[in-house]
Amino acid sequence: MAKLRAVRGTQDLLPEAWARHHHVEKTARRVAFLFNYRSVATPIFEFTDVFARTLGETSDVVTKEMYTFADKGGESLTLRPENTAGVARAFISGNLQQQLPLKYFYSGPMFRHERPQKGRLRQFHQIGIELLGVPVPAADIEVIQAGAHVLDALGVRDVTRLELNTLGDAESRTAYREALVAYFTCRQSELSEEGRSRLLRNPLRLLDSKDGRDRAISAEAPRYDDYLNAFSADFFAEVCEGLDTLGIAYRRNPRLVRGLDYYGHTAFEFVTDALGAQGAVIAGGRYDGLISTMGGPLTPGIGWAGGIERLAMLATDYPEAPPVVSLVPVGPAAEKAALPLADSLRRAGIAVDLGLSGNLKRRMQQANRIGAQLAVLLGDDEIAKGVATLRDMKDGAQREVPIDQLAAALTP
RNA sequence: GUGCCCAUAGCUCAGUCGGUUAGAGCGCCUGGUUGUGGUCCAGGAGGUCGCCGGUUCAAAUCCGGCUGGGCACCCCA
């Protein structure tokens with residue numbers, strides 16, 4: 001039989017990895033709460049349409065990366081590749097437009113069928129925030145600030161940088177797209193094959209091509225700033241000003257674009273060079289068109305998502321597990337007595353690892369292996385005297401403690 | 001989907017020009033110690049060299065295919 005293994009692009013979170021993972025999630029949730037973002041969870045799968053319509057029929061995520069399947073009723077369902085569409089759907093389903101503005105935090109697994117590489121999995125985990133119902137730059141500023149705060153709290157801000165761009169409003173985007181198409185069409189023959197394909201599908205994406213030829217040509221391409229209308233330019237200026245006020249450094253990156261129609265105005269990424277090719281650790285933008293695209297009321301939104309695995313790789317410091325006391329019974333009578341003793345200690349808030357099998361030596365080894373700082377030895381001698389032997393695992397010092405004072409003795 | 005690199009003990013890895021019984025460190029097991037872990041000492045177990053085929057007197061070693069993994073492209077968190 002072939003060796004049993006995890007599905008390609010998935011991984012097991014064993015205790016140490018889980019602790020790192022959880023540290024990222026817990027820290028982000030705490031920071032989000034400081035900004036009054038409330039935790040929500042949406043289903044891990046949705047009707048395929050929720051993603052297909054919102055992410056864009058031509059996007060790579062939709063065309064080749066979704067885990068889509070038919071359920072027993074014949075409905076097409078899809079494992080969520082991201083969470084914004086799910087939140088938007090929940091907003092519409094729940095008729096929440098009366099409660100705007102809404103500020104949500106989420107965390108959970110996402111699924112994309114991509115070729116795995118460093119920092120990229122098929123089941124990966126994201127944290128994210130969404131701010132719905134606020135059409136002004138103050139929202140963009142707060143959302144970016146929250147992202148920076150999360151990175152600060154994880155101690156990774158100094159290995160990341162904020163890249164910022166504006167995609168303008170629909171009018172600006174249409175004007176710019178026309179200008180780009182005109183420019184690139186003239187120099188079509190100099191583009192890469194992939195570049196020509198992007199020209200047809202999504203000319204904006206030509207700007208972030210990594211192909212040398214495409215880059216050379218796009219370096220001289222029309223600049224978006226010349227096509228932004230006054231409203232879009234002012235909006236972006238206000239966002240920049242807010243970040244300046246907060247002392248949040250950023251770099252304008254005109255190549256930072258979003259392929260999807262509902263994105264507009266602010267687009268941003270916190271990126272790092274420390275993770276190989278997959279540099280984005282938190283990325284987001286404004287999506288004022290999303291909810292109306294899905295058939296809901298016209299509702300502005302902005303948010304970001306962060307990759308937990310990527311952040312966990314950056315965040316080398318995470319809290320150690322609190323100490324556990326080892327309870328080591330010796331002999332059948334002690335094993336019996338240890339059960340209620342362990343129970344009472346746990347109810348007193350003391351984490352107890354009860355040695356379940358093996359002789360004394362085996363159980364002491366177990367105590368050592370789990371890193372216990374204190375061991376409680378309980379044998380016939382102790383039971384007869386109504387005490388337990390408390391051993392300091394570091395220096396081996398032992399003393400007898402009456403059973404009824406044990407909880408107090410073990411409380412730090 | 002494309003490209004490059006990799007696959008030897010539980011883990012990390014050596015393995016010379018193709019040549020006798022494939023090694024090390026860590027880990028694991030036993031004993032030194034019948035109620036004492038970690039440290040120390042002594043001993044031990046553990047391998048279809050990823051799989052299939054080819055070349056050769058001889059393959060862990062060379063060649064091909066397959067499977068798996070990593071990285072990069074693409075895309076993105």
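What you see is a predicted model; the values in this text were computed from it and never measured. In the text below, chain A, chain B and the rest are named by the order of the sequence lines, each starting its count at 1.
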Nearest whole angstrom, please: distance from the [atom2] of [N] to the [atom1] of [X].
X: A:E82; N: B:C76; atom1: CD; atom2: C1'; value: 11 Å
X: A:H113; N: B:A77; atom1: NE2; atom2: P; value: 18 Å
X: A:R122; N: B:C75; atom1: CZ; atom2: P; value: 17 Å
X: A:L256; N: B:C76; atom1: CG; atom2: P; value: 11 Å
X: A:E114; N: B:C71; atom1: CD; atom2: P; value: 13 Å
X: A:R115; N: B:C5; atom1: CZ; atom2: P; value: 14 Å
X: A:F105; N: B:A77; atom1: CZ; atom2: P; value: 16 Å
X: A:E269; N: B:C75; atom1: CD; atom2: P; value: 13 Å

Just say parallel, tilted or perpendicular for the rings of A:F268 and A:F270, cut-offs at 30° and 60°.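 Perpendicular: the ring planes of A:F268 and A:F270 meet at over 60°.
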Just say parallel, tilted or perpendicular for the rings of A:H23 and A:Y318, cut-offs at 30° and 60°.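 Plane angle between 30° and 60°, so tilted.
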Are the charged groups of A:D381 and A:K385 less than 4.0 angstrom apart, N to O? no
Checking base pairs now: Watson-Crick or wobble, both atom distances under 3.5 Å. What partners [N]?
N: B:U20; value: none
N: B:A59; value: none
N: B:C49; value: none
N: B:G44; value: B:C28
N: B:G1; value: B:C73
N: B:U34; value: none

Name the nucleic acid region contacted by A:L121, choosing base, sugar-phosphate or nothing; use a 4.0 angstrom heavy-atom cut-off, strictly under.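 Base contact - A:L121 has a heavy atom under 4.0 Å of at least one base atom.
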Over all strands shown, is A:G331 touching base, sugar-phosphate only, or nothing at heavy-atom distances under 4.0 angstrom?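 Counting heavy atoms under 4.0 Å across all strands, no contact is made by A:G331.
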OH/A:Y67: more than 12 non-hydrogen atoms of other groups inside 6.0 Å: yes
What's the gap between [N] and [M] when it is taken at their [atom1] atoms, as a whole Å value?
N: B:A14; M: B:G54; atom1: P; answer: 30 Å
N: B:U12; M: B:G31; atom1: P; answer: 30 Å
N: B:C29; M: B:A72; atom1: C1'; answer: 44 Å
N: B:G50; M: B:C57; atom1: P; answer: 24 Å
N: B:U21; M: B:G3; atom1: P; answer: 41 Å
N: B:C66; M: B:C4; atom1: P; answer: 13 Å
N: B:G38; M: B:A77; atom1: C1'; answer: 42 Å
N: B:C28; M: B:G37; atom1: P; answer: 14 Å

Scan nucleotides 25-41 of chain B nucleotide by nucleotide, 5' to 3', and note B when protein non-hydrogen atoms come under 4.0 Å of the base, S if they reach only the sugar-phosphate, - if neither. ---SSS----BBBB---
List the residues meeting side chain to side chain donor-acceptor pair (under 3.5 Å) with A:T245, not counting sequence neighbours, and say none if there are none.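 Side chain to side chain donor-acceptor pair (under 3.5 Å) check on A:T245 returns nothing, list empty.
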I'd like to know if the side chain of [X] reaches the main chain of [Y], judged simply by a donor and an acceptor atom lying under 3.5 Å from each other, with no hydrogens or angles considered.
X: A:Y176; Y: A:G168; result: no
X: A:R286; Y: A:T266; result: no
X: A:R161; Y: A:V271; result: no

Per the atom types in the model, does the base of B:C75 pair as donor or acceptor with the side chain of A:R120 at under 3.5 Å?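 Answer is yes: a donor-acceptor pair is held.
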Base of B:C76, side chain of A:R310 - is there a donor-acceptor contact under 3.5 Å?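 Pair found.
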With no hydrogens and no angle check, just 3.5 Å: does a side-chain donor-acceptor pair link A:T10 and A:Q123? no
Hey, mind stepping through A:F236 and A:H265 against ring-ring contact (aromatic ring centres under 6.0 Å, His included) and telling me if it holds? CA-CA 7 Å; A:F236 188 55; A:H265 294 294; 9.3 Å; no
Find which nucleotide of RNA chain B each of A:A305 and A:Q117 is nearest to by heavy atoms, and output the residue with the more 5' nucleotide.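 Closest to the 5' end, via its nearest nucleotide, is A:Q117.
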In sequence, state the C-alpha distance, the side-chain angles, and the governing distance for A:Y104 and A:I129, and then conclude on side-chain contact (heavy atoms from CB on, under 4.5 Å). CA-CA 5 Å; A:Y104 290 147; A:I129 63 173; over 6 Å; no
So does A:R112 get a side-chain nitrogen or oxygen closer than 4.0 Å to the phosphate oxygens (OP1/OP2) of B:C75?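 False: A:R112 side-chain N/O out of range (4.0 Å or more) of B:C75 OP1/OP2.
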So if I take residues 401-409 of chain A and measure heavy-atom distances to RNA chain B, which residues fall below 4.0 Å? none
Only one of A:V324, A:D343, A:L341, A:L345 forms a side-chain contact (heavy atoms from CB on, under 4.5 Å) with A:V352, so which one is it?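 Filter result, single survivor: A:L345.
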